[in-house]
Amino acid sequence: QTETSASDAAAARTVAALPEPVGNLEEPMPPSPVVEDAESDAAPGLDASFGIGRPATKEEIAAIDIDVMPDGSGLPEGSGTYAEGETVYVEQCASCHGDNLEGIKETGAPALIGGRDTLATDKPLKTVESYWPHASTLFDYIHRAMPLHAPGSLSADEVYAVSAYILGRGGILPEDAELNAQSFKEIEMPNADGFVEDPRPGAM
Amino acid sequence: QTETSASDAAAARTVAALPEPVGNLEEPMPPSPVVEDAESDAAPGLDASFGIGRPATKEEIAAIDIDVMPDGSGLPEGSGTYAEGETVYVEQCASCHGDNLEGIKETGAPALIGGRDTLATDKPLKTVESYWPHASTLFDYIHRAMPLHAPGSLSADEVYAVSAYILGRGGILPEDAELNAQSFKEIEMPNADGFVEDPRPGAM
Amino acid sequence: LLLSGGRARADAPPGAIEYPVQPDPTKEQGRLILDDGGYGSRSQFESEIRWRYPTDSLDSSWSMTPLASGHGIITPSGLHFERHHGGIPTIDPATHTLIIHGLVDKPLRLTMADLRRMPSVSRIHFIECSGNGLTEWEKPTLKTVQGTHGLTSTSEWTGVLLSTVLKEAGIQDSAAWILAEGSDAAVMTRSVPIDVAMNDAILAYAQNGEALRPEQGYPLRLLLPGLEGNTHIKWLRRLEVSDKPFMTREETSKYTDLMPDGTARLFTLEMDAKSVITFPSGAMKLPRPGFYEISGLAWSGRGKIVKVEVSADGGKTWTEAALQEPVLNKSHTRFRMPWIWDGNEAVLQSRCTDETGYVQPTLPELVRVRGTKSVYHLNAIQSWHVAANGEVTNVHA
Amino acid sequence: LLLSGGRARADAPPGAIEYPVQPDPTKEQGRLILDDGGYGSRSQFESEIRWRYPTDSLDSSWSMTPLASGHGIITPSGLHFERHHGGIPTIDPATHTLIIHGLVDKPLRLTMADLRRMPSVSRIHFIECSGNGLTEWEKPTLKTVQGTHGLTSTSEWTGVLLSTVLKEAGIQDSAAWILAEGSDAAVMTRSVPIDVAMNDAILAYAQNGEALRPEQGYPLRLLLPGLEGNTHIKWLRRLEVSDKPFMTREETSKYTDLMPDGTARLFTLEMDAKSVITFPSGAMKLPRPGFYEISGLAWSGRGKIVKVEVSADGGKTWTEAALQEPVLNKSHTRFRMPWIWDGNEAVLQSRCTDETGYVQPTLPELVRVRGTKSVYHLNAIQSWHVAANGEVTNVHA
Ligand code: HEC
Ligand code: HEC
Ligand SMILES: [Ca+2]
Ligand SMILES: [Ca+2]
Ligand SMILES: [Ca+2]
Ligand SMILES: [Ca+2]
Ligand SMILES: [Ca+2]
Ligand SMILES: [Ca+2]
Ligand SMILES: [Co+2]
Ligand SMILES: [Co+2]
């Protein structure tokens, strides 16, 4: 036994033989909180106000406050007629909803009219005409979501017009109707009284 | 108002205007349970035996029962000398663990010898020589995991041999040692008594 | 950091990366740590995916969670069901804001960074689309539990309580409803009752420990625990406080429940208690008689599940199943029951009870009141028929 | 099903797919449902990744969870910490088996399909490597909470109780230890006391509702709730029941704790209670004085967390933090405390107590007993220094 132990030759090592953590180990840096707004620098409290965020400006709200409610609030200025609406519809809606507003299965676009007196049958057809309780919903929805591939692209005039057309084709408005913020509020929907409150819990 | 309602023209639609679910809708099929073994067809019970799986055969167990325990159980047939071990070591271990078994930092391979009397210092060097309580662990580990890039490739003879070499270089065995299942069991490790039970909970 | 190892390939399932299978993984090093760039993916041997019901419109469609291969109560984020009305928008969180206005003292504008600085909560909740099961009213239609029940998933959601933000803005006494509006192509809107908003509603920015998934509303969604999924507005950009509901298209034309007399229920928001056996379930085949662990999920929009019973004889006799802890409020609860299939025909059913005492109804009980045209809120007991040859099918029993 | 939309690209973070950001997502349809092939991925704006401590060997290395950007208690599976001794094997579950032998009446061979048919459990548990924090004994070394504490993660695990399988095999009276062996290149082995095995150990095949991730042992791992991570053998292939421990390399050369007197503790299996503040934490910068929600994680290998206290003055005064429900056994528990930073220097600390009454120690208390060379089981109170300029750093205080 010439060599007894290599302990002299062995480099001294500390725990876990870790590489010396010198310099930058390239630990990924965690995100820091970000404060964008100088305005809310007000002294914050623990319970009520955290001093976080800032007041929304009137302009910021107006830019996205697009909803229209049953009482007519939110209806913009402008107007449109059945005749104008027919043009809008033929050009921008008929390809999906059909020449007669009957819907085209392949596009997924539902019928917009028809279906009155079918709700209690075993083939209910729920459309704007037969089912919708409020005309405001029609303006609101077309304005925000239609035409499907260019949502939000219609002017207020165009939405008034195509609404007049759809409601006219559905026999809810006369063909000479012109819609604006005032006349819109007066529309009576056929199924306005067709809705009931949720009886649950307590009923099935 | 010439047209009153397009309800006649509208195709009858049922709930949600779903496409007719006819034919194969290509629902992905869920996995079914699989039973591979006819043997365990025995009537199963709810609590003790589920009749699942099958007995492991002696061959199946032997093929993977590779562990070696401090009492020597699991040591295979075969033998190897310090001299044979030196060849194995030089050819298959030195590139990572170093010519003098001192470890090579860049490879991550630790020192295998040295470090006696360092355990209570502030530069403890924990090696096979200085730290390991059981020689069985050396056989077991080399056999299952080394050399790193060809684990499990050494014959039993080679593992006996390289163990003799490492223990010889560490001054635990003489250089003329030959290891086999019998002589292996007699190895006394320097730090055999260096380990204590976990005093927790109750102590820090 | 780039992916250095395998890559998504046509031959790996979605969400997986294909690596060579090792003939003997104990004889060679495996692939290197972090070759995934530091964010892992599922195994190449796992292939379950969400499934899209083949609606005609691809833009307005839904995909369903593969409940049959789920485990526990958490739904993997990659398999959470989806419902989109205008596709999945791609929104930079650095420019996204939430505006709160209407009947509030101080209209507020919050950035995502602002929201992340506010006091937060994390809660495990299910979401269920109230259209879950809509194909099943009249006859058993879809084959698998993914098709019949896959419009529900459970995640751990983190965000700011909506009440925290509303208090910050100062809601006025007349406040009764809040419009929530998304910034997707549908500019999706729903009206939320103020008591829900002030109770447990969450402005959620995280899901299962990381940011929301894009399909789930990244960077911000509304979470209304227990309420129908459509109300949990994704990609949330605006909250308007009002004294009246807004009567949006999604709460009038859709998500109203048509009764046999032609009237329709409005604002049926809460999801009643429901359960389903996920194993064994439709389109599986039991290979032979013997031991099987029946397992499934139960949930209620009104609180905790207190009991799940299982029947193997189509509802004649019932046995109480074990509820896996933790049993959480408005969360999926996993139930299990050992079962020995004797090789004869069987009809498997589960029936749950929630902490309000509500018991999940049978389909005939539900149809007696609601008919089969109400589309939404089908929460009846589901039946799976096990044939003598082991085939499991969706039946009305 | 192929990915039809975006693809993983060099410019998207790992785990994300890059899509064009929409200038106004309300004005055009978003990307189509299921263009991800049915399994989703995270947002391209989320970039946190596991981080590898730069060990010299890439084959034997570890990666750490980015705790600073975590939410709630669930760790996203893609960010679960890793520890590999021989890389990540790629194993076909159809050919993988588990063999149980040794001091049992009936040696058993179980396929993955067999295991999936047995009675199962799902439990939310943390795993922590006992080497978590090993760089921090002598001086504050790493900068972030990912570096100091990132070797712990929490998932919902599903599998078969080990006791179920052991009962099936019939363990003999002399049984005292079980060897668990993996089928990776290290053929990793640890000895498990029989009482742990018969208590709450799980043969886990699922994680967060889907199959285990490859890095976490796909298709099968051992889960020993509360015990050091190294014992939770991944890619599990064999269990041998014995009357003695096996004294493997990982329980002698490694995972023994060297004391100042040169003796070393064997089988220090349980993970003592520990907590850490994850927000604010090292390398962050607070932009200005004001409100911040302090948040962090606490866990104990011996049961539930009952209390977390937070100090902003380096331990002089303590305030009890709120524990986010659910508070689960051997799971991460999220705590939160509102805090107003006044702009002066502060030292943030958290201290937890578990249901056994054990209180997390200070580092000097721990070092007084164990010295600084024991490598493993550093569970001392962590201190984060907040400078007057808002910079947060790792300190010993
Ligand atoms: C490219 C196809 C397409 C075009 C063009 C289109 N729509 Fe639609 N429309 C749809 C689809 C699809 C839906 C159903 C969307 C959903 O359910 O999410 C729909 C829904 C509607 C609805 C709601 C119907 C209901 O019963 O709920 C109205 C109203 C409507 N469209 C009006 C219009 C008008 C007006 C135009 C033209 C200005 C138009 N659409 C153009 C596809 C189209
Ligand atoms: C390609 C590099 C490489 C080669 C070749 C190699 N090793 Fe290793 N060895 C390592 C690394 C790296 C470790 C540490 C592994 C770990 O901690 O997971 C190690 C660990 C060991 C250990 C455990 C040391 C301790 O203190 O725990 C022993 C014993 C060992 N090797 C013996 C051998 C023998 C004998 C051979 C040749 C037959 C060999 N090694 C070849 C890289 C190598
Ligand atoms: Ca408004
Ligand atoms: Ca009206
Ligand atoms: Ca053995
Ligand atoms: Ca000995
Ligand atoms: Ca699977
Ligand atoms: Ca992030
Ligand atoms: Co409803
Ligand atoms: Co330990």
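Predicted model, so just to flag it, every value in this text is computed and none were measured. Naming convention: chains lettered A, B, ... in sequence-line order (proteins, then strands); numbering from 1 in each chain.
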Option in A:Ala150, A:Gly152, A:Ser153 with maximal non-hydrogen atom pairs under 4.5 Å from chain D: A:Gly152
Is the number of heavy atoms from other residues, nucleotides or ligands within 6.0 Å of [atom1] ([X]) greater than 12?
X	atom1	answer
A:Glu197	CD	no
A:Lys58	NZ	no
A:Asp99	CG	no

Under 3.5 Å: donor-acceptor pair, side chain of D:Gln29, backbone of A:Leu148: yes
Heavy-atom donor-acceptor pair, A:Ser32 side chain to D:Lys285 backbone, under 3.5 Å: yes
At what distance, to the nearest 0.5 angstrom, does [atom1] of [X] lie from [atom2] of [Y]?
X	Y	atom1	atom2	result
D:Lys143	A:Met29	NZ	CE	5.5 Å
D:Tyr53	A:Glu26	OH	CD	13.0 Å
A:Glu27	D:Asn394	CD	CG	8.5 Å

Proximity breakdown for D:Glu28 and chain A, heavy-atom pairs closer than 4.5 Å: backbone
Interface moiety of D:Thr144 toward chain A, non-hydrogen atoms closer than 4.5 Å: both
A:Pro33 side chain near D:Phe279 side chain, heavy-atom distance below 4.5 Å: yes
Pairing residues for D:Glu250 by the salt bridge (charged side-chain N to carboxylate O under 4.0 Å, His left out) criterion, not counting sequence neighbours: none
